[in-house]
Colleague: 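Got a structure for you, written out below as structure tokens; questions coming shortly.
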Amino acid sequence: MTNHTITSIREGLRAKQFSAVEVAREALEFAERENPKTNAYLMFCPERALSAAAEVDRKLAAGEDAGALAGVPIAVKDVILTKGVRTTCASKMLENYIPPYDATAIERIEAAGGVIIGKTNCDEFAMGSSNENSYFGPVRNPVALDCVPGGSSGGSAAVVAQGTAVVSLGSDTGGSIRQPASFCGVVGVTPTYGRVSRYGLVAFASSLDHIGPFARNVKDSATLLAAMAGRDPMDSTSANAPVPDYGAQLTGDVRGMKIGLPVEYMKHATGETADRIHEAVAKLQGMGCEVQDISLPSTDYAIATYYVICTAEASANLARFDGVRYGYRSAEAGGADSNKLAAMYCNTRGEGFGPEVKRRIMLGTYVLSHGYYDAYYLKAQKVRALIARDFTNAFQTVDAIMAPVSPFPAFRIGEKVNDPVSMYLSDIYTITGSLAGIPCMSVPCGTTGTGLPVGLQILCNHFEEQKMFRLAHAFENS
Ligand code: GLN
């Protein structure tokens, strides 16, 4: 499994070197054997995988089109609903939740022949930057087992790095695809907001949530994104824009493309991370790109803005977990009398949510409360508009912006756990793109002296994923 790509599986199936069922069996066996090293998978779904693979084999035998993802073993972050397969959001609250429907992204992947083999660990309800907030224990970085894989989609990055899936799905609200991709040395893509339907993605902060791919190369990430993207009547924020043929854009020719380096980011970037970014940009310059400094003046306000908006939305979204309709209910639940009802809510939420989720619900409730709404939430929305405008202005003069993904590479498990503010501050380079809703990705650009991967972040204007993929692919092949 470790060397397979979407292309190699397609070619192997065509040449009858293996069947889709054989690939699925091998993938499941390998993943189950390797998983104790990283704790990246929370569960496997062999029945679903084998029946999807059998359908691919049937189509191939009948000479039908088996789809762009035919026979490809895929892992899915456990915040994306899979019908009949437990979906926990890495929370005690949903420990035994079995969804009655599939997310649109899942339906489309399976319609394209993809074989979903399991669900991956993550920070609880996708809140975190290290995957240490999971009720089911942290994930280890396959590149350095004493380090975090990043978060919140740490499991999805780890399985691709470890070779226990060919590609995977993550979700990104403020960096949760790009940052773990960077920490684990794989490609991770956050598409334009609305590019992929959020139907069936458990909501954290709805105006910021994205589903996106992880892969071991740019082409696979583009193929997986294309299979999921496009308008979905079940998500009114999904975009009606046509989905381009991303693969056709991977020409290797980047001559004349203009790259902007934000001075506000680069002045803080230090050490080996900054070195790798400068080297990467120099390489692209050598391939014919033009490089210039740009300014994103509202950057200083990004962290505060993001943590007001995302906690506000989280406090509203997570109100549904009340012990009544689904999910965990406290054993201390009372009967019909109103004191007991209140105790049921309190005990259920007190016992079902972990500390980071509670912290965010409290922060979010506070910034939305009467008297503080204008001072915090409304102000944050205004600053969000300024941050988005910075990007709009920058894209008048450049095709793409390049930056680090994270100020530092993967850190040791436990190192930052007791300092949530320093954890929040580490999201500085990723949350601006999320707030603006623009496509952004992380592509591996080398390692530190100790062998920890560093990711180059590429950001483009709304719906310009093609440009982003073209640059990333050209860089990858250099
Ligand atoms: N690290 C950020 C946070 O904790 C981003 C999370 C995400 O993108 N889901 O909110």
Side-chain angles (χ1 to χ4, degrees), residues 76-80 89-91 120-134 138-139 148-157 168-184 188-191 193 196 198 201-214 302-315 317-318 353-364 367 380 384 404-408 410-411 416-417 419-442 455 457 459:
V76 175
K77 184 179 183 180
D78 210 22
V79 294
I80 300 174
C89 296
S91 179
T120 59
N121 204 346
C122 54
D123 283 305
E124 186 178 1
F125 287 101
M127 298 177 188
S129 312
S130 69
N131 215 128
E132 293 168 290
N133 297 335
S134 167
V139 174
V148 303
S152 64
S153 314
S156 291
S168 66
L169 292 193
S171 72
D172 195 308
T173 304
S176 282
I177 292 176
R178 286 157 286 160
Q179 188 252 25
S182 147
F183 280 17
C184 293
V189 180
T190 311
Y193 182 79
V196 175
R198 287 180 296 112
L201 168 65
V202 177
F204 159 14
S206 311
S207 77
L208 292 158
D209 292 343
H210 307 66
I211 291 178
F214 286 96
I303 301 254
T305 303
Y306 171 79
Y307 278 96
V308 169
I309 293 174
C310 87
T311 57
E313 293 188 21
S315 75
N317 275 326
L318 272 62
F353 289 134
E356 181 60 27
V357 175
K358 285 183 199 163
R359 186 179 296 129
R360 297 202 187 197
I361 291 172
M362 287 188 282
L363 259 170
V367 300
R384 180 182 189 171
V405 173
S406 162
F408 35 71
F411 45 89
K416 292 188 196 294
V417 159
D419 189 355
V421 173
S422 111
M423 199 79 99
Y424 295 174
L425 291 174
S426 73
D427 295 333
I428 177 64
Y429 298 128
T430 50
I431 52 184
T432 49
S434 309
L435 286 165
I438 55 175
C440 15
M441 69 187 287
S442 175
Q457 186 175 196
L459 307 95

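All residue numbers refer to positions in the sequence shown, counting from 1. Everything numeric in this text was worked out from a predicted model, so none of it was measured. Counting starts at 1 for both ligands and their atoms, following the listed order.
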Colleague: Could you tell me whether S152 approaches ligand 1 through its side chain, its backbone, both or neither, with non-hydrogen atoms closer than 4.0 Å?
Modeller: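 The part of S152 near ligand 1 is the side chain, not the backbone.
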Colleague: Which of the atoms in ligand 1, numbered in the order shown and given with their element, are less than 4.0 Å from a heavy-atom of G174?
Modeller: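 Heavy-atom distances to G174 below 4.0 Å select 5 (C), 7 (C), 8 (O).
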Colleague: Near A126, which atoms of ligand 1 are under 4.0 Å from a heavy atom of that residue?
Modeller: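 This gives 6 (C), 7 (C), 9 (N) as the contact atoms.
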Colleague: Quick one: look at T173 and ligand 1, take heavy-atom pairs under 4.0 Å, and tell me if it's side chain, backbone, both or neither.
Modeller: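 T173 to ligand 1: contacts from backbone and side chain alike.
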Colleague: Where does H210 meet ligand 1, judged by heavy-atom distances below 4.0 Å: at the side chain, the backbone, both, or neither?
Modeller: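 The answer is neither.
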Colleague: Say whether M423 and ligand 1 are in contact under the criterion: heavy-atom distance to a ligand atom below 4.0 Å.
Modeller: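 Flag not set, M423 not near ligand 1.
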Colleague: Please find the pair of heavy atoms, one from A312 and one from V367, that lie closest to each other, and give the distance.
Modeller: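 Reported closest heavy-atom pair: CB-CG2, 3.9 Å.
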Colleague: Establish, yes or no, whether the cationic atom of K416 lies under 6.0 Å from the six-membered ring centre of F408 and within 45° of the ring axis.
Modeller: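 K416 over F408 ring: yes.
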Colleague: Determine, using heavy atoms of Y424 and all atoms of ligand 1, whether some pair is separated by less than 4.0 Å.
Modeller: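 Heavy atoms of Y424 never come under 4.0 Å of ligand 1.
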Colleague: Relative to ligand 1, is Y307 under 4.0 angstrom through side chain, backbone, both or neither, heavy atoms considered?
Modeller: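 Y307 to ligand 1: side-chain contact only, backbone stays beyond 4.0 Å.
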Colleague: Going by the rule side-chain hydrogen bond (donor to acceptor under 3.5 Å, both in side chains), which residues pair with S426 if we only count those two or more places apart in sequence or in a different chain?
Modeller: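 With sequence neighbours excluded, S426 shows a side-chain hydrogen bond (donor to acceptor under 3.5 Å, both in side chains) to no residue whatsoever.
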Colleague: Could you work out, with side-chain hydrogen bond (donor to acceptor under 3.5 Å, both in side chains) as the rule, every residue matching R360, not counting sequence neighbours?
Modeller: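 Partners of R360 under the side-chain hydrogen bond (donor to acceptor under 3.5 Å, both in side chains) test: E356.
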